[in-house]
Amino acid sequence: MVSCPNCDATIDVDEEDLDEGDPISCDECGASLSVVSVDPLELESDEDESDDEDDDADDLDEDEEEEDEEDEDEDDEDW
């Protein structure tokens, strides 16, 4: 048995049938989870991954905006 990383509820699964990357859902909170490790059995919330991806995309957007502003400043200096 393993606990849900979101609500700590016990999830009853047959650990022998699981492989890394397998999707699982928590019956208590309904969270979408995936198997990160099978020995020991470790689960990760799929919502955490999408949040991280969104954060990475936001970081890239901010970097691009800063580069654009720097390019504009350089163009102004040429005149």
Side-chain angles (χ1 to χ4, degrees):
M1 286 203 237
V2 66
S3 296
C4 173
N6 290 344
C7 69
D8 291 326
T10 301
I11 300 174
D12 187 21
V13 293
D14 190 357
E15 296 180 23
E16 295 173 2
D17 291 339
L18 295 176
D19 293 315
E20 286 184 24
D22 283 352
I24 294 180
S25 63
C26 176
D27 293 333
E28 288 294 317
C29 69
S32 296
L33 309 169
S34 59
V35 177
V36 177
S37 170
V38 292
D39 188 24
L41 182 58
E42 186 177 337
L43 303 177
E44 180 178 78
S45 173
D46 287 341
E47 285 85 21
D48 289 345
E49 289 179 12
S50 65
D51 289 345
D52 290 344
E53 290 171 5
D54 290 344
D55 290 344
D56 291 345
D58 291 343
D59 291 344
L60 291 176
D61 291 342
E62 289 173 10
D63 290 343
E64 289 174 3
E65 288 174 13
E66 287 174 10
E67 287 177 11
D68 289 343
E69 288 174 8
E70 288 174 8
D71 289 343
E72 288 174 8
D73 289 343
E74 288 176 10
D75 290 343
D76 291 341
E77 289 174 9
D78 292 340
W79 295 101

Peer 1: Looking at residues at least two apart in the chain, or sitting in another chain, which of them share a side chain to side chain contact (heavy atoms under 4.5 Å, CB included) with D14?
Peer 2: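 With sequence neighbours excluded, D14 shows a side chain to side chain contact (heavy atoms under 4.5 Å, CB included) to E16, D17, given in chain and number order.
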Peer 1: I need the minimum non-hydrogen distance between S34 and G21, along with the two atoms involved.
Peer 2: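 Scanning both residues completely, I find the closest heavy atoms to be CB-O, 4.4 Å.
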Peer 1: Share the residues that join L43 in a hydrophobic cluster, the rule being Ile, Leu, Val, Met, Phe, Trp or Tyr side chains under 4.5 Å apart at the heavy-atom level.
Peer 2: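 So far as hydrophobic clustering goes, L43 is joined with V2, I11, V13, L18, I24, L33, V35, V38, L41.
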Peer 1: Tell me whether the count of non-hydrogen atoms from other residues, nucleotides or ligands lying under 6.0 Å of CD in E28 goes above 12.
Peer 2: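 No, CD of E28 has 12 or fewer neighbouring heavy atoms, counting only those of other groups under 6.0 Å.
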Peer 1: So which atom in M1 and which in E15 form the shortest heavy-atom distance, rounded to 0.1 Å?
Peer 2: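 The answer is N-OE2, 2.7 Å.
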Peer 1: Applying side chain to side chain contact (heavy atoms under 4.5 Å, CB included), name anything that partners D27, two or more places apart in sequence or on another chain.
Peer 2: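 Checked D27 against side chain to side chain contact (heavy atoms under 4.5 Å, CB included); zero matches.
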Peer 1: Applying side chain to side chain contact (heavy atoms under 4.5 Å, CB included), name anything that partners S32, two or more places apart in sequence or on another chain.
Peer 2: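 So S32 forms a side chain to side chain contact (heavy atoms under 4.5 Å, CB included) with D46, E47.
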Peer 1: Among residues at least two apart in sequence or on other chains, which ones pass side chain to side chain contact (heavy atoms under 4.5 Å, CB included) with S25?
Peer 2: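 Not a single residue meets the side chain to side chain contact (heavy atoms under 4.5 Å, CB included) criterion with S25.
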